[in-house]
Amino acid sequence: MKCSSCNVDLEVQLEGPVKGDECPKCGRTWYEEDELRSAKDAFDPDLNWMDFEIWTEWDALDLKSKQLACPSCGEGLVAVLYGDTDVEVDCCPSCRGLWLESGDFAAIVEALTSELLNKPFAEYVKASLN
């Protein structure tokens, strides 16, 4: 696969036991359909119940067209905010991959950790039991 911004070959990058494909030039990382959620959960298991399911919420999202093609299937990407974070991720509606800029993974984990630490205890227990 090639970076849709730089046109260089992507290299396998591990986030714990989960792989993403990273551009060595611009630092963008491509996650196939469920790899981002798996990488987040592997990085911090306390965040495993704080999932934002892009694909089940698709109709309610504010999507913005991008001038980038999916590095996997070549379709046009759309941008969306990841849950309640300020992190914009590029998504492929066709193959359901996610394209993150350098630093976005860390920003998502940081935002979810902050949200987790600020949740009332009762809400944390309720959500973690589901």
Side-chain angles (χ1 to χ4, degrees):
M1 260 188 299
K2 292 200 178 284
C3 175
S4 49
S5 295
C6 306
N7 201 35
V8 298
D9 289 331
L10 300 179
E11 299 174 353
V12 173
Q13 174 71 27
L14 294 178
E15 296 288 353
V18 181
K19 76 166 190 73
D21 299 294
E22 183 176 70
C23 175
K25 187 172 179 181
C26 70
R28 286 178 170 260
T29 304
W30 176 254
Y31 294 95
E32 292 181 4
E33 188 170 344
D34 202 37
E35 289 176 337
L36 177 59
R37 184 197 53 77
S38 297
K40 170 195 60 78
D41 293 350
F43 184 82
D44 187 345
D46 288 337
L47 299 178
N48 68 352
W49 58 275
M50 297 187 66
D51 288 330
F52 170 59
E53 298 295 334
I54 290 175
W55 311 114
T56 59
E57 312 269 337
W58 193 253
D59 293 335
L61 297 175
D62 181 23
L63 305 173
K64 297 182 224 166
S65 293
K66 297 290 285 196
Q67 296 295 339
L68 291 174
C70 172
S72 181
C73 71
E75 294 294 319
L77 298 176
V78 294
V80 64
L81 288 179
Y82 186 89
D84 292 330
T85 73
D86 291 330
V87 179
E88 184 178 87
V89 297
D90 299 329
C91 309
C92 178
S94 180
C95 71
R96 295 186 169 196
L98 300 171
W99 193 223
L100 274 63
E101 292 184 16
S102 178
D104 282 353
F105 179 82
I108 288 171
V109 169
E110 182 180 325
L112 292 175
T113 300
S114 177
E115 182 181 342
L116 173 67
L117 295 174
N118 290 309
K119 279 194 179 300
F121 182 72
E123 189 176 333
Y124 172 83
V125 170
K126 179 182 175 186
S128 62
L129 293 174
N130 291 336

Could you check whether any side-chain heavy atom of [X] comes within less than 4.5 Å of a side-chain heavy atom of [Y], counting everything from C-beta outward?
{"X": "Leu81", "Y": "Asp86", "answer": "no"}
{"X": "Glu32", "Y": "Lys19", "answer": "yes"}
{"X": "Ser72", "Y": "Trp99", "answer": "no"}
{"X": "Asp90", "Y": "Val78", "answer": "no"}
{"X": "Cys92", "Y": "Cys73", "answer": "yes"}
{"X": "Ser5", "Y": "Arg28", "answer": "yes"}

Calculate, to the nearest 0.5 Å, the distance between atoms [atom1] and [atom2] belonging to [X] and [Y] respectively.
{"X": "Asn7", "Y": "Lys25", "atom1": "CG", "atom2": "NZ", "value": "9.5 Å"}
{"X": "Thr29", "Y": "Leu10", "atom1": "OG1", "atom2": "CG", "value": "8.5 Å"}
{"X": "Glu75", "Y": "Cys70", "atom1": "CD", "atom2": "SG", "value": "8.0 Å"}
{"X": "Leu77", "Y": "Ser94", "atom1": "CG", "atom2": "OG", "value": "10.5 Å"}

For atom NZ of Lys2, decide whether the heavy atoms of other residues, nucleotides or ligands shown that lie under 6.0 angstrom number more than 12.
yes
Contact summary for [X] and [Y], nearest pair of heavy atoms:
{"X": "Trp30", "Y": "Cys95", "result": "CZ2-SG, 3.8 Å"}
{"X": "Gly27", "Y": "Glu22", "result": "O-OE2, 3.8 Å"}
{"X": "Gly20", "Y": "Glu35", "result": "CA-OE1, 4.4 Å"}
{"X": "Leu100", "Y": "Phe105", "result": "CD2-N, 3.7 Å"}
{"X": "Val87", "Y": "Ala107", "result": "CG2-CB, 3.6 Å"}
{"X": "Pro93", "Y": "Gly76", "result": "CD-O, 3.7 Å"}

Connected via hydrophobic side-chain network under 4.5 Å: Tyr31 and Val109:
yes
Through direct or indirect side-chain contacts below 4.5 angstrom among Ile, Leu, Val, Met, Phe, Trp and Tyr, which residues connect to Val8?
none
Flag, side chain of Ser114 to backbone of Glu110, donor-acceptor distance under 3.5 Å
no
For Ser4 and Pro71, indicate whether the former's side chain and the latter's backbone hold a donor-acceptor pair under 3.5 Å.
no
